[in-house]
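Numbers for residues simply follow the sequence, beginning at 1.
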Amino acid sequence: MAVVFFVISASSAPAASASAALALEHGCFSCHGELSRGGSPTFAQLSRHLAKYKGQTGAAARKGEKLKTDDESQDITPHRMLSSEKATLLLQWLIDGVAP
């Protein structure tokens, strides 16, 4: 049992750090970091809000597309410029609970 846990933990850690790196690469921390800008929710706040989708198949993809196309996001150029794949990775990171 310990071996299975180790394999799962080891495989999820790179994905989490990759998503944090992706958020850094796209400048997401500028608005959603610990010191949010313009009333934007922090990553921690977003993660708490999205935790209800944990374990739901396809939730990250659905939320990722909504991030790119939602009326509120239309004024947020970085949201619209994300590929579907990157938006899904970022949303999965938030759903799973952000890790630095």
Side-chain angles (χ1 to χ4, degrees):
M1 187 71 150
V3 173
V4 173
F5 178 74
F6 175 77
V7 171
I8 291 170
S9 296
S11 66
S12 63
S17 62
S19 297
L22 184 62
L24 185 61
E25 173 188 333
H26 287 279
C28 304
F29 283 94
S30 296
C31 293
H32 299 290
E34 193 145 326
L35 299 173
S36 68
R37 183 173 78 182
S40 299
T42 65
F43 283 128
Q45 291 169 325
L46 289 167
S47 186
R48 282 192 300 274
H49 174 73
L50 294 166
K52 61 188 167 200
Y53 298 104
K54 194 169 190 164
Q56 291 184 21
T57 304
R62 286 191 308 277
K63 290 299 192 180
E65 283 306 309
K66 184 173 170 131
L67 172 73
K68 294 173 36 157
T69 61
D70 190 36
D71 287 340
E72 291 179 25
S73 296
Q74 291 302 314
D75 295 333
I76 305 172
T77 301
H79 287 189
R80 289 191 324 251
M81 294 180 67
L82 286 170
S83 69
S84 294
E85 179 182 277
K86 289 181 179 182
T88 298
L89 288 171
L90 287 169
L91 266 292
Q92 191 63 60
W93 175 59
L94 291 168
I95 289 169
D96 290 342
V98 295

### Message
So does Glu65 get a backbone contact from the side chain of Thr69, meaning a donor-acceptor N/O pair under 3.5 Å?
### Response
yes
#### Entry: Exam field: side chain Lys68 to backbone Leu82, donor-acceptor pair closer than 3.5 Å
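Yes; judged by distance alone, with no hydrogens or angles, the pair exists.
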### Query
In terms of hydrophobic clusters joined by side-chain contacts under 4.5 Å, are Leu24 and Leu94 together?
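Yes, because Leu24 and Leu94 connect within a single hydrophobic cluster, where side-chain heavy atoms sit under 4.5 Å apart.
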If you round to the nearest 0.5 Å, how far is [atom2] of [Y] from [atom1] of [X]?
| X | Y | atom1 | atom2 | result |
| --- | --- | --- | --- | --- |
| Lys63 | His49 | NZ | NE2 | 6.0 Å |
| Ser19 | Gln92 | OG | CD | 8.5 Å |
| Ile95 | Gln56 | CD1 | CD | 8.0 Å |
| Cys31 | Ile76 | SG | CD1 | 7.5 Å |
| Ser84 | Leu89 | OG | CG | 11.0 Å |

### Message
With side chain to side chain contact (heavy atoms under 4.5 Å, CB included) as the test, pick out the partner of His79 among Leu90, Leu67, Asp70.
### Response
Leu67
### Task
Look at the rings of Trp93 and Phe43 and say which category their plane angle falls in: under 30° parallel, 30 to 60° tilted, over 60° perpendicular.
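Perpendicular, since the angle between the ring planes exceeds 60°.
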### Query
Is the CD atom of Glu34 crowded by more than 12 outside heavy atoms at less than 6.0 Å?
no
### Summary
Ser47 and Gly97 have their tightest heavy-atom pair at OG-CA, 3.1 Å
### Query
Excluding sequence neighbours, so at least two apart, what forms side-chain hydrogen bond (donor to acceptor under 3.5 Å, both in side chains) with Gln45?
Thr42
